[in-house]
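Report on the structure given below.
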There are 2 protein chains.
Amino acid sequence: MGKDCRLTMAELEKYITDYFGVTESNALEGISTLFKYQTCEKGEFILEQGNSCNNLSFVFSGYQRFYAITEEGKEITQWISHESEFAVDLTAFITGSPSRWNIQALTKTELFTINKKDYDRLSEVVPDWAQFEKLFMVRCFNVLENRVFSHLSMTAEERYQFFFNYNKEIFNQVPLQYLASMLGMTPETLSRIRKKQLE
Amino acid sequence: MGKDCRLTMAELEKYITDYFGVTESNALEGISTLFKYQTCEKGEFILEQGNSCNNLSFVFSGYQRFYAITEEGKEITQWISHESEFAVDLTAFITGSPSRWNIQALTKTELFTINKKDYDRLSEVVPDWAQFEKLFMVRCFNVLENRVFSHLSMTAEERYQFFFNYNKEIFNQVPLQYLASMLGMTPETLSRIRKKQLE
DNA sequence: TTTGTCTCTTGATCTGGATCAAGAAATCAT
DNA sequence: ATGATTTCTTGATCCAGATCAAGAGACAAA
């Protein structure tokens, strides 16, 4: 950890407060000391498909792509995470099953990472941890619920609009082909939709 | 509760064992006495969009449709639950937000229902409850993860096949129009796909 | 059983978005 | 900077699946 360890720790604690509603300073300290600062260069893998997922990483900066490869060899981008989200295959991390996703840094990335052993000890350190974890998981669930609904009820253009309104910045930082895949359309279609939006 | 209360309780306990891996008989009894037996007639609402979701129901028998109405007035079927699943708007139940889904019985339905107050007491009754709950939630998450992926990587026909392999029985019990909506296609398309499969 | 109301199927047509192809921009490595 | 590689755009064409329309079954109520 570099010279601005204190700064980033303070930032991590801020995020934990915002995200989980933890405000007690003892609990905060307990949480944040179990997370280790870590960086990834562009292109580096944070997790590889098939491996077990033994770490949960809080994203401090950068963009990370979650993707899998289909039987026909097509790459499908399931999600792109960024600042203040978690880079983890949640299912694999919790259940111990092999990871479904590759997680690759699309830009230089700063993470706060906790391993599974320490993660499982969080409830000792933080009395209300189970409650925070439940809220965390239900938010993840809700994001997917929204995404399923968007595929049942919206056109490609509407899905684009919806996501663009939610996160404009990402379109300047991440190759559009990945965003297209994540939105369930081809790069050509996304390009045409974006052109149309300019008029 | 009717004459076969004991029978159904035993069944509930069996499901809890299968689903959560709870095997201790004290814990099992603790859980199952907090759930109340309840029936719904066909067409009856178990939950209505916009209301708060104060109950979590384990489905003992029957089929239930989760749906919402879009701004344009279209009904979107998000999910159809059945035996040994849960009929609940999970996000609303956990966070206290207004329900997003209508849940309507498609057939006569038997439920074991627990209210939020009792649910929040489960961790007192069952020491490992937090762990079981976590597994429960991650499975819900995983189902949605699969569904999002299916929309990013499969054709309508592949989605049908995938779901049909997972649950053939439901196609004999539930109006096809709802299954079509849930799979993200029109009733006409589903009808044609099914015809094609017969050849 | 009959009547009315849903639900499903089938055909005809249309269209959103995919695919294929090729050039233009942007980004990267040396 | 310069060439190589990757990414993005644009056009032409195609097709999966939507829409529209009309019968055919299925189911429910009296």
Side-chain angles (χ1 to χ4, degrees), chain A residues 40-44 62-63 65 67 70 72-77 80 104-108 147 149-164 168 170-199, chain B residues 41-44 62-63 65 67 70 72-77 80 104-108 147-164 168 170-199:
Chain A
C40 289
E41 292 309 309
K42 178 173 177 174
E44 211 175 307
Y63 289 88
R65 178 168 76 112
Y67 73 96
T70 63
E72 306 90 54
K74 246 196 340 185
E75 273 187 12
I76 304 292
T77 298
I80 294 164
Q104 187 181 27
L106 291 175
T107 61
K108 184 172 190 331
R147 290 187 75 197
F149 192 72
S150 78
H151 283 277
L152 301 183
S153 65
M154 295 181 191
T155 63
E157 190 167 344
E158 288 166 337
R159 286 198 303 279
Y160 166 75
Q161 271 303 335
F162 189 77
F163 187 71
F164 183 72
K168 291 183 174 59
I170 200 170
F171 287 86
N172 298 320
Q173 304 295 134
V174 165
L176 295 172
Q177 57 179 324
Y178 300 142
L179 293 164
S181 175
M182 195 191 92
L183 292 168
M185 64 187 81
T186 60
E188 293 94 328
T189 295
L190 179 59
S191 177
R192 282 185 253 265
I193 286 171
R194 283 167 62 80
K195 189 184 181 187
K196 205 172 140 195
Q197 301 287 334
L198 296 176
E199 293 153 18
Chain B
E41 292 309 309
K42 179 175 173 172
E44 211 176 305
Y63 290 88
R65 178 167 76 112
Y67 73 95
T70 64
E72 306 90 53
K74 247 197 335 185
E75 273 188 12
I76 304 291
T77 298
I80 293 164
Q104 187 181 27
L106 291 175
T107 60
K108 186 174 188 330
R147 291 187 75 196
V148 169
F149 192 72
S150 78
H151 283 278
L152 302 184
S153 66
M154 295 180 191
T155 63
E157 190 167 344
E158 290 167 335
R159 286 199 303 279
Y160 166 75
Q161 270 303 336
F162 189 77
F163 186 71
F164 183 73
K168 290 184 176 57
I170 200 171
F171 288 86
N172 298 321
Q173 304 295 135
V174 165
L176 293 173
Q177 57 179 323
Y178 300 142
L179 293 164
S181 176
M182 196 191 91
L183 290 168
M185 64 187 80
T186 60
E188 292 94 330
T189 295
L190 179 59
S191 177
R192 282 186 253 265
I193 286 172
R194 283 166 62 79
K195 189 185 181 187
K196 206 172 138 194
Q197 301 286 334
L198 296 177
E199 292 154 20

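The shown structure was predicted, so the numbers you read here are calculated from the model rather than taken from an experiment. The sequence lines fix the lettering, A, B, ..., with proteins before strands; numbering per chain opens at 1.
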Would you mind reading off the distance between B:Lys108 atom NZ and D:dA28 atom C1', rounded to a whole angstrom?
-> 19 Å
May I have the list of side-chain donor-acceptor pairs in residues 173-181 of chain B shorter than 3.5 Å, sequence neighbours left out?
| residue | atom | partner | partner atom | Å |
| --- | --- | --- | --- | --- |
| B:Ser181 | OG | B:Thr77 | N | 2.9 |

Mind calculating the distance between CD (B:Gln173) and C1' (D:dC27) to the nearest angstrom?
-> 15 Å
Mind checking the NZ-OG spacing from A:Lys196 to A:Ser191? Nearest 0.5 Å is all I need.
-> 13.0 Å
Starting at the 5' end of nucleotides 8-21 of chain D, put B wherever the base has a protein heavy atom under 4.0 Å, S where only the sugar-phosphate does, and a dash everywhere else.
-> SSBBB----SSBBB
Give the table of side-chain donor-acceptor pairs shorter than 3.5 Å for residues 182-189 of chain B, with sequence neighbours excluded, one pair per line with atom names and distance.
| residue | atom | partner | partner atom | Å |
| --- | --- | --- | --- | --- |
| B:Thr186 | OG1 | B:Thr189 | N | 3.2 |
| B:Thr186 | OG1 | B:Thr189 | OG1 | 3.1 |

Taking only N/O atoms, report every protein-nucleotides 27-30 of chain C pair under 3.5 Å with atom names and distance.
| residue | atom | partner | partner atom | Å |
| --- | --- | --- | --- | --- |
| C:dC28 | OP1 | A:Lys42 | NZ | 2.8 |

Spacing of A:Ser150 atom OG and B:His151 atom NE2 [to the nearest 0.5 Å] = 8.5 Å
CD of B:Glu75 versus C1' of C:dT7: gap in Å, rounded?
-> 14 Å
Heavy-atom pair with the smallest gap, counting every atom of A:Leu152 and B:Arg147 = CD1-NH2, 4.0 Å
With five pairs defining each end axis, the helix from C:dT1-D:dA30 to C:dT30-D:dA1 comes out bent, to 10°, by 60°
Give a yes or no on whether B:Lys108 atom NZ has more than 12 heavy-atom contacts from other residues, nucleotides or ligands under 6.0 Å away.
-> yes
Please check if atom CZ in B:Phe162 has more than 12 non-hydrogen atoms from other residues, nucleotides or ligands closer than 6.0 Å.
-> no
Heavy-atom nearest pair, B:Gln104 first then B:Gly43, reads NE2-O, 2.9 Å
Could you tell me how the ring of B:Phe171 sits relative to the ring of B:Tyr160: parallel (under 30°), tilted (30 to 60°) or perpendicular (over 60°)?
-> perpendicular
How would you list, by chain and number, every residue that makes a salt bridge (Lys or Arg N to Asp or Glu O under 4.0 Å) with B:Lys168, sequence neighbours excluded?
-> none
